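Everything below concerns the one structure shown next.
Any value given below was found using the heavy atoms of this structure, including those in side chains, with hydrogens, waters and symmetry copies removed. Please read these numbers as outputs of a predicted model, since none were measured by experiment.
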Amino acid sequence: MDLKKYLSVSPEVQQALDSGKPVVALESTIISHGMPYPQNVETALSVEKIIRDAGAIPATIAIIRGKITVGLTPDEIEYLGKKGLKVIKASRRDLPVLLARGEDGATTVTTTMIGAALAGVRVFATGGIGGVHRGAETTMDISADLEELAQTPVMVICAGAKSILDLGLTLEYLETKGVPVIGYRTGELPAFYTRTSGFKVDYRMDTPKEIADAFRVKLEMGLAGGMLVTNPIPEAYSMDPDYINHNIADAIAECERLGIKGKETTPFLLDKIQKLTGGSSLQANIQLVFNNARLGAEVARELAAQ
Ligand code: PSU
Ligand code: MN
């Protein structure tokens, strides 16, 4: 396999990996499809700074001119942020076509995990993951993120999943696929905008070291797949559950009315929720990503420390 044809790792990230320094992967769908411009670019650049300040090297990942690029330049981040929804949202099934055609793509959790694994990055921080959508028992809309967690050895640190998803079914799916779900300093699955969901995680862990230790065992044993670390939004930024859930329900109703399906569903819901809440959910979203980036750097340092 000639990976060089398809993978481009920035000199800084490659050097960090070669010398065993901690690296944290970051996705690009959150930039082009998850937040509006210019907050998306500001957030992406701030996240990189937070990771550096915490002693790790950030590696934002996207598909640039037909290559899975690990470690974007600020110009590339600006380009993806400005182009927004016009950038192709790239999941696993899109990779062969985009790479063959030499096109650009924003990587979802799925494809960011693939890029990270190919480059040798083990820790990836983001906002929220995709999961089993409400009504999936008839639509079969289940994010490819869950299958990727089942097969690719990258730890994903997120703030739980939004209640645009069926959180109970998402946990069942992860259990079936053998993906450990860890709560950082909580026994309850956080629901992105809120710290609680009513669902339990598999294990609570209170230190980055515990998380790194468990993941190291998974890697050393060659158990396929990743690990999901859920980190609740800081109290100061968490939203009122009734308020946000009411708006999420309205966004889902609108999505159904318009007949939106497939890969457009998640970006539509994210945008609609932001509009319905007058931007307060965007602030929460930005803060929880910062919080996950900090934890990502700490865990990456623990993993690198041995
Ligand atoms: N959830 C969020 N913000 C996001 C996404 C999900 O709160 O930006 C993005 C991620 O890139 C995730 C993708 O991998 O949406 C999932 O899309 P789908 O549901 O179509 O699999
Ligand atoms: Mn889907």
Side-chain angles (χ1 to χ4, degrees), residues 30 34 91 108-110 113 124 126-152 155-205 211 214 218 224-233 235 238-256 260-270 272-273 276-277 281 284-285 288 291-292:
I30 190 173
S91 191
T108 62
V109 167
T110 295
M113 288 178 75
F124 162 24
T126 188
I129 60 157
V132 180
H133 278 265
R134 294 196 205 168
E137 56 277 24
T138 49
T139 64
M140 290 185 73
D141 189 350
I142 299 173
S143 176
D145 293 352
L146 301 183
E147 288 294 327
E148 208 58 49
L149 280 161
Q151 60 179 312
T152 300
M155 180 197 305
V156 178
I157 299 176
C158 68
K162 285 198 176 72
S163 44
I164 58 173
L165 302 172
D166 186 318
L167 299 183
L169 292 187
T170 300
L171 288 174
E172 290 292 348
Y173 201 97
L174 289 167
E175 179 188 7
T176 301
K177 294 290 177 173
V179 179
V181 179
I182 309 301
Y184 183 60
R185 297 183 177 164
T186 180
E188 199 172 327
L189 180 75
F192 201 84
Y193 299 117
T194 57
R195 293 172 60 86
T196 53
S197 66
F199 293 95
K200 288 206 165 2
V201 292
D202 302 329
Y203 295 97
R204 171 185 172 134
M205 293 188 182
I211 297 171
K218 200 164 197 278
M227 192 163 104
L228 190 65
V229 176
T230 63
N231 185 27
I233 183 172
E235 192 89 59
S238 70
M239 297 182 75
D240 175 59
D242 289 339
Y243 172 74
I244 193 68
N245 288 330
H246 163 82
N247 281 293
I248 287 173
D250 287 354
I252 292 174
E254 176 84 354
C255 189
E256 282 168 6
I260 290 164
K261 291 195 176 63
K263 71 191 288 190
E264 271 82 46
T265 304
T266 298
F268 174 86
L269 291 172
L270 298 180
K272 193 79 207 167
I273 293 163
L276 289 172
T277 56
S281 67
N285 197 344
L288 65 83
N291 192 44
N292 296 341

Do the side chain of [X] and the main chain of [Y] share a donor and acceptor less than 3.5 angstrom apart?
| X | Y | answer |
| --- | --- | --- |
| R195 | I233 | yes |
| T108 | T110 | yes |
| T277 | I273 | yes |
| K218 | G225 | yes |
| S197 | L189 | yes |
| T138 | G135 | yes |

Can you confirm whether [X] sits close enough to [Y] that some side-chain heavy atom of one is under 4.5 Å from a side-chain heavy atom of the other?
| X | Y | result |
| --- | --- | --- |
| L288 | F192 | yes |
| T126 | I157 | no |
| F124 | M155 | no |
| H133 | I142 | no |
| L270 | K162 | yes |
| S91 | K263 | no |
| C158 | L228 | yes |
| V181 | L171 | yes |

Please find the pair of heavy atoms, one from [X] and one from [Y], that lie closest to each other, and give the distance.
| X | Y | answer |
| --- | --- | --- |
| C255 | T265 | SG-CG2, 4.0 Å |
| I211 | M227 | O-CE, 3.6 Å |
| V179 | G226 | CG1-O, 4.0 Å |
| E137 | L169 | OE1-CD1, 4.1 Å |
| I244 | S281 | CD1-CB, 4.3 Å |

Nearest 0.5 Å, what's the [atom1]-[atom2] distance between [X] and [Y]?
| X | Y | atom1 | atom2 | result |
| --- | --- | --- | --- | --- |
| L165 | Y173 | CG | OH | 13.5 Å |
| K272 | I260 | NZ | CD1 | 9.0 Å |
| D145 | L174 | CG | CG | 10.0 Å |
| D166 | E172 | CG | CD | 9.5 Å |
| S238 | Y193 | OG | OH | 13.0 Å |
| I129 | T170 | CD1 | OG1 | 7.0 Å |

Q | Y243 atom OH, over 12 foreign heavy atoms within 6.0 Å | A | yes

Q: Please test M113 against V156 for side chain to side chain contact (heavy atoms under 4.5 Å, CB included), starting from the C-alpha separation and ending with a verdict.
A: CA-CA 8 Å; M113 288 178 75; V156 178; 3.8 Å; yes

Q) How would you list all residue pairs meeting side-chain hydrogen bond (donor to acceptor under 3.5 Å, both in side chains) that involve residues 244-256, not counting sequence neighbours? A) S163-N245, E254-R257

Q. Any side-chain hydrogen bond (donor to acceptor under 3.5 Å, both in side chains) pairs touching residues 175-188, not counting sequence neighbours?
A. E147-K177

Q: Would you mind telling me which of T230, N231, L167 makes a side-chain contact (heavy atoms from CB on, under 4.5 Å) with P190?
A: T230

Q: Please name all residues satisfying side-chain contact (heavy atoms from CB on, under 4.5 Å) with K261, sequence neighbours left out, ordered by chain then number.
A: none

